[in-house]
Amino acid sequence: MVRLSVPEDQPLAVQQWQGLIAINYPARKHGMNRHITIAEAKKLCPDLIMQHVATWKEGDEKWAYHEDAFAHIATHKVSLDPYRRESRRILACIKDVLPAPPMQKVEKAGIDEVFLDLSAQIHSILLERYPELSGPAPYDDPTESLPRPPTTALDWNTDALVDLDTAETEDDDPDWDDIAMLIGSEIVRSVRAAIRERLKYTCSAGIAKNKMIAKLGSAHQKPNQQTIVRNRAVQQFLGGFKFTKIRNLGGKLGDQVVSTFGTDLVKKLLEVPLEQLKFKLGDDTGSWVYQIIRGEEQSEVNSRTQIKSMLSAKSFRPSINSMEQAVRWLRIFAADIYSRLVEEGVNENKRRPKTVNLHHRQGGQMRSRQAPIPSGRSIDEILIFELAKTLLGQVIVEGRAWPCANLSLSVGGFEDGPAGNRGIGGFLVRGEEAKVMKLAACDADHRALTGGDDRPEKRRKVDDGGIQKFFAKRDGSREERDEDFDSDQHAHVDADQHDDGEGGSDAEVYGQAGLQGKIAWPEERSTDAADAHEHTQEISDPSHPLLVETYTCDRCSKSMAMSNQAEHEDWHFAKDLQAQERTNATSAGARPSSAPHGNSELSKVGPTRGPKRPGGAGQTGAPVQKRAEKGQSKLVFGR
DNA sequence: TCAGGTGTC
DNA sequence: GAGACACCTGA
């Protein structure tokens, strides 16, 4: 809708071959969902615009919106690039609105979804607004209760507020958890407003104490709305769901639970004792299910916005039957992946994949082969293509290769380029690296201009059968003492473009508004030195410099734990990129493909992983990762 | 690391 | 269903 500038009330759907992959809200009003054919859709709504997704045509240098793409399923391949690009712009916008890392925690949860951990930001706003929380504690006793919140009525603005649990009433005065959620919702509203104003997209959000509830909340009221699930409302909210709607219970595990206990309702499953769950599902999975349906979940918002693998795939209808046909598709895959690698910055040595993977399906049989990408030489489309051909050869010699119903090529194991090796190193090294990067960029540009690789060992073959060298355009506790302040502020933002039945086209922000840990008087920190140390990596408060090796950003002079350096620099990178996009938009001048952006590597120096769960039955690994891993952002009130 | 699989969007 | 992703496990 944004791309085509269609009116907001115009029914529109995105078509992919004979199916519809996204349906906007005006179209949903006509009773459409994703599972209907395009003929049925047109019948339901003659006014419907059905826009086919962009496709790559064999031999073309770039994907495009082809008039009659749906008629060319045999020769075209879908390109989701436009959506990836918009996804990046939206992510950059969100990062722009939020304070700099390490305060900022954003997890890309899908092409149109993010989780935000707003704990740190909410914490600092709380201290600003309620200086009485800064302590010291009465009588110097950190176990003393916090003061009651001064406010008696909170203004929830236009947010959808989930009803409170039965034991609670709206007449009860708000507690600190409520206030944390309120602040979270203010932040989320500003994020959504920025996305709307700058990029024209609506989205919906959920604000709650953890990712699971925030995500459920984000889908609760759509489009273009946000839902707050206060801690006091969690039981009430969750009780009304089928547990198969809960993340990780939508698949086989969920089915297993349904058939084991004969219900798909949270309410019913709540009656099953822990021991029963553990007995029937295994200790780990059983405990996980027990916790999750009670609204308990501690998975972290993983500060991750970069992709880890890249895949180009095609299902063949009808199947293909020869090496020659398959190779033609490998060319397209290689071109697709290479162009995306260029956008990822391979030519600037920013990030680089380590492996190539080929998947092949024949009948019900899936097979795959992978190979390392030779290090130390630059990656180009030919290299990817040649590796892919080798892998295909390996699959074929095993026999039973035809008829082939599906083929996919992917690259993965992304590694940071030289600029990513940011350990103890200072800025001097970076200066050198900057030079190297610049040289690499020049080299890439030179190659682009001269139309080929000028190193003898990598000379382009004379005629490669249609692949053109190209460079893609760069485009809490209540007042009770010592109680857990169990309100990690998480937000989930989701594009208003979901199609799971009721959902419409609007993205989602899962706003986890959570302060996991305790709300307590500042002195508590010193009474728990060992614990504090354990969490030093998480502490964003610069008042803890002695506990951890610090890094001071040379661009904004902000100090932080060394472990947060990489992420912080990424944030600057995102800012730069955005600024550059703005200037690109205003001055229409063409630009070389490799404008320097300064440093930006994502070396994962995140919190140390918790202990791995011991072996266990090969259950869907899902709950494993969900299991509480210590190292949560423990926020201690104070200073 | 490799091959296979699950879950989700 | 199709095209992506992330993450897990056993060998």
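Only this structure's heavy atoms are used, side chains among them; waters, hydrogens and symmetry mates stay out. The sequence lines fix the lettering, A, B, ..., with proteins before strands; numbering per chain opens at 1.
With rounding to whole Å, A:Asp284 atom CG is found 19 Å from C:dC7 atom P. As a whole-Å value, the separation of A:Gln16 CD from B:dC9 C1' is 13 Å. Distance A:Lys252 NZ to B:dG5 P: 9 Å, rounded to the nearest Å. What separates CZ of A:Phe316 from P of C:dA2 is a distance of 11 Å, to the nearest Å. Going from atom CG of A:Leu358 over to atom C1' of C:dG3 covers 16 Å, rounded to whole Å. Protein atom CD1 of A:Ile38 is 14 Å distant from nucleotide atom C1' of C:dG1, rounded to whole Å. Put simply, CG on A:Asn248 is 9 Å from P on B:dC9, counting in whole angstrom units. A straight line from NZ of A:Lys314 to P of C:dA4 spans 10 Å, rounded to a whole angstrom.
Within 4.0 Å of A:Leu249, counting heavy atoms only, lie sugar-phosphate atoms of the nucleic acid but no base atom. In this structure, A:Gly251 reaches the sugar-phosphate backbone alone: every heavy-atom distance under 4.0 Å involves primed, P, OP1 or OP2 atoms, never a base. Across all strands, A:Ser312 comes closer than 4.0 Å only to sugar-phosphate atoms, never to a base (heavy-atom distances).
Aromatic pair A:His66/A:His76: ring centres closer than 6.0 Å.
Taking the nucleotide of DNA chain B with the nearest heavy atom to each of A:Arg367 and A:Gly254, the more 5' of the two is matched to A:Arg367. Of the residues near DNA chain C, A:Gly19 and A:Lys108, the one whose nearest nucleotide (by heavy atom distance) lies more toward the 5' end is A:Gly19. Taking for each of A:Ile307 and A:Arg361 the nucleotide of DNA chain C with the nearest heavy atom, the 5'-most of the two is the partner of A:Arg361. Annotation: of the two residues near DNA chain B, A:Ile246 and A:Thr355, the 5′-most nearest-nucleotide partner is A:Thr355.
For A:Met366, taking side-chain heavy atoms from C-beta onward, the closest of the listed nucleotides B:dA3, B:dG5, B:dT8 is B:dG5. Counting only heavy atoms from C-beta on, A:Lys354 has its side chain closest to B:dT1 among C:dG3, C:dA4, B:dT1. The listed nucleotides are B:dA3, C:dA4, C:dA2; the one nearest the side chain of A:Trp17 is C:dA2. Taking the side chain of A:Gln370 as heavy atoms from C-beta on, and the options B:dG7, B:dA3, C:dA4, the nearest nucleotide is B:dA3. Here the nucleotide nearest the side chain of A:Asn302, chosen from C:dG3, B:dT1, C:dC7, is C:dC7. Taking the side chain of A:Asp112 as heavy atoms from C-beta on, and the options B:dC2, B:dG7, B:dC9, the nearest nucleotide is B:dC9. Taking only side-chain atoms of A:Arg317, from C-beta outward, the nucleotide of B:dT8, B:dG7, C:dG1 with the closest atom is C:dG1. If you check C:dA4, B:dG5, C:dG3 against the side chain of A:Val78, the one that comes closest is C:dG3. The side chain of A:Lys215 lies closest to B:dC9 when the candidates are B:dG7, C:dC5, B:dC9.
With respect to A:Glu344, the salt bridge (Lys or Arg N to Asp or Glu O under 4.0 Å) criterion is satisfied by exactly one of A:Lys308, A:Arg84, A:Arg352, A:Arg351: A:Arg351.
For A:Arg84 and C:dG3, the shortest distance from a side-chain N or O to OP1 or OP2 is not below 4.0 Å. Contact between the side-chain N/O atoms of A:Lys308 and the OP1/OP2 oxygens of C:dC5 is not found at any separation under 4.0 Å. The phosphate of C:dA6 (OP1 or OP2) has a side-chain N or O of A:Ser309 nearer than 4.0 angstrom. OP1 or OP2 of C:dC5 sits under 4.0 Å from a side-chain N or O of A:Arg340. Between A:Ser410 and C:dC5 there is no side-chain N or O to OP1 or OP2 distance below 4.0 Å.
Using a 30° and 60° split on the angle between ring planes, A:His360 and A:Trp402 fall in the perpendicular class, above 60°.
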Q. Under the salt bridge (Lys or Arg N to Asp or Glu O under 4.0 Å) criterion, do A:Glu343 and A:Arg340 qualify, and how do the steps go?
A. CA-CA 5 Å; A:Glu343 290 183 54; A:Arg340 285 156 61 185; over 6 Å; no
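Judged as a side chain to side chain contact (heavy atoms under 4.5 Å, CB included), and not counting sequence neighbours, the contacts of A:Thr355 are A:Gln370.
At a threshold of 4.0 Å, the pair A:Lys252-A:Asp255 does not count as salt-bridged, since none of the basic side-chain nitrogens sits closer than that to a carboxylate oxygen.
Defined by atom type and a distance below 3.5 Å, a donor-acceptor pair is missing between the side-chain atoms of A:Ser410 and A:Asn357.
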